[in-house]
There are 2 protein chains.
Amino acid sequence: MKLEVATKIDSLDTQKMIISKIGELINFKNLEPGDKLPSERMLSEKFEVTRSNVRGAIQKLEFYGLLESIPQSGTFVANIGVIAMNGMIEDILKLEEPNFKSLVETRILLELKTVRLASLRRTDDDLKRIKEALDAYTKKVLKGEDAVQEDLLFHLALAKASGNSTLNNFMLIITPEIITNFEKYHVCDKSLARQGIEEHNAIFDAVKKQDPKLAKQKMKEHFNVLYQYCYNIKK
Amino acid sequence: MKLEVATKIDSLDTQKMIISKIGELINFKNLEPGDKLPSERMLSEKFEVTRSNVRGAIQKLEFYGLLESIPQSGTFVANIGVIAMNGMIEDILKLEEPNFKSLVETRILLELKTVRLASLRRTDDDLKRIKEALDAYTKKVLKGEDAVQEDLLFHLALAKASGNSTLNNFMLIITPEIITNFEKYHVCDKSLARQGIEEHNAIFDAVKKQDPKLAKQKMKEHFNVLYQYCYNIKK
DNA sequence: ACTTATAAATTGGTTAACCAGATTAAAATC
DNA sequence: GATTTTAATCTGGTTAACCAATTTATAAGT
């Protein structure tokens, strides 16, 4: 178990090293937007690493929109200048792992916005899906069972109804970590879940009525407990 | 050029198909959190695709926190139940590409929060970095040159100072797309840039004074033009 | 000299064989 | 019969050879 982690970290370190060197290369060779990077084979030789490692690093930079690989042609510098490239690579290398506090903090921010947008933009289809998620949650809680998953699915249904794909994507990214941390720290106990039903219903009604202000208000109240909790944990 | 795109889409479609089938498998076999998925080799045979494709699909589900691969051991279902798993896989498959409007909308939301947090949590080191970014921006604008990159780096410096790694990560994800779209739609012309100097200065002063309310207010004013623009574009 | 046709080299992507560690099954030992 | 040893198998990860499309270089044709 120890070794796996060690090798994974090793692999991450070499990836960071490669990303850093690619950054230097773009500087040194003064590669402008649209210019072609040296081939993966050359880079692997130059950096004395395997081509797989180079590909991994390029993929990461592709994810952050800094490079674009085109099959049988090459890897190209994205249409952002050298300065932004440098700054962003530096930031990416320094990026810390998300901790629970940052996750909850961000979730609350995202949800207050998504619920507002959802109440403005929801279609009848959206409303139907939200209702289904709400019913599933209510049913589970009334049976006295754990309903963390149904809880989050209700919130994801709202995110989808917001009509903002970026916000929706971000909600999807943080949700699993939220769930596991909730279960780890036992954030949601049964008594809170009963209260949750009423709060979810209030949110649903506001979205149904298409009242953004009320929806945001109800979401805020819903997060009240969580908010307190979030600002009391150490890390 | 046409073919590349076509093959990329094909590859994405098969990946979606695999993700969908993995979801069905988890349902059908009733795999609980922590259970082991069939091996990559078996899955590739069962789904009649290459192991690479299976690995790609698993990597995506790993990114969204639904699976975890452990070397020489297997791929395991994350510690979120079957219900959340189903809902999230469905959402991931339906996720649309981010459009400019959703990007700007999300950016404004994130920045109003990060600047508030930055003014509360910034260290002296953070302040120094923000100042450097501000100076670089000012210098470029006064020379009459394009300063979109320096502009965004100033904002990224604020995101870093927010002390919230999740928010910081999200800002990094959307920044390149923002830059390219800005240049595509010519959002920032020279006259706005001059005004931008004052606005950036006001934001910096508020962060320096550690005044979260003022910082948020100044950021809001800074986004005023962009805000109008964002809500006028079609898509 | 210029365009077209052809061939060689280069590219990112794919794949089948291989690797080291982990797991399981079988065998040996007491 | 229970415990330890050993061997065989299975795992995700890695790699070197291969692929098809592209790009560049060369040759041919006019």
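Convention: sequence-line order gives letters A, B, ...; per-chain numbering from 1. Keep in mind that what you see is a predicted model, and the values were worked out from it rather than measured.
By the side-chain hydrogen bond (donor to acceptor under 3.5 Å, both in side chains) test, A/R51 pairs with A/E40, sequence neighbours left out. Applying the side-chain hydrogen bond (donor to acceptor under 3.5 Å, both in side chains) test to A/E111 and every residue at least two apart in sequence or in another chain returns A/R107, A/H155. Applying the side-chain contact (heavy atoms from CB on, under 4.5 Å) test to B/A147 and every residue at least two apart in sequence or in another chain returns B/Y137, B/K140, B/V141, B/E150. Residues passing the side-chain hydrogen bond (donor to acceptor under 3.5 Å, both in side chains) test with B/T175: none are found, sequence neighbours excluded. Judged as a side-chain hydrogen bond (donor to acceptor under 3.5 Å, both in side chains), and not counting sequence neighbours, the contacts of B/T50 are B/N53.
Rounded to a whole Å, the CD atom of A/Q72 is 12 Å from the P atom of C/dT11. Atom CG in B/L43 sits roughly 16 Å away from atom P in D/dC10 (whole-Å rounding). Between B/I58 atom CD1 and D/dT11 atom C1' there is a gap of 12 Å when expressed in whole angstrom units. We find that CD of A/Q59 is positioned 10 Å from P of C/dT14, with the value rounded to whole Å. Taking atom CZ on A/F76 and atom C1' on D/dT23, their separation rounds to 10 Å, with Å as the unit.
Contact check, B/T75 against D/dT11: no side-chain N or O comes under 4.0 Å of OP1 or OP2.
Checking C/dG12, D/dG12, C/dA22 against the side-chain heavy atoms of B/S69 singles out D/dG12 as nearest.
For the segment residues 47-56 of chain A, the set of residues with a heavy atom within less than 4.0 Å of an atom of DNA chain C comprises A/R51, A/R55, in numerical order. Within residues 23-42 of chain B, the residues having any heavy atom under 4.0 Å from DNA chain D are, by residue number, B/S39, B/E40, B/R41.
A 6.0 Å sphere centred on CD of B/E132 holds more than 12 heavy atoms belonging to other residues, nucleotides or ligands.
Each salt bridge (Lys or Arg N to Asp or Glu O under 4.0 Å) pair with one or both residues in residues 80-91 of chain B, not counting sequence neighbours, appears once here: B/E90-B/K94. Identified under the side-chain hydrogen bond (donor to acceptor under 3.5 Å, both in side chains) test for residues 18-37 of chain A, with sequence neighbours left out: A/N27-A/N86.
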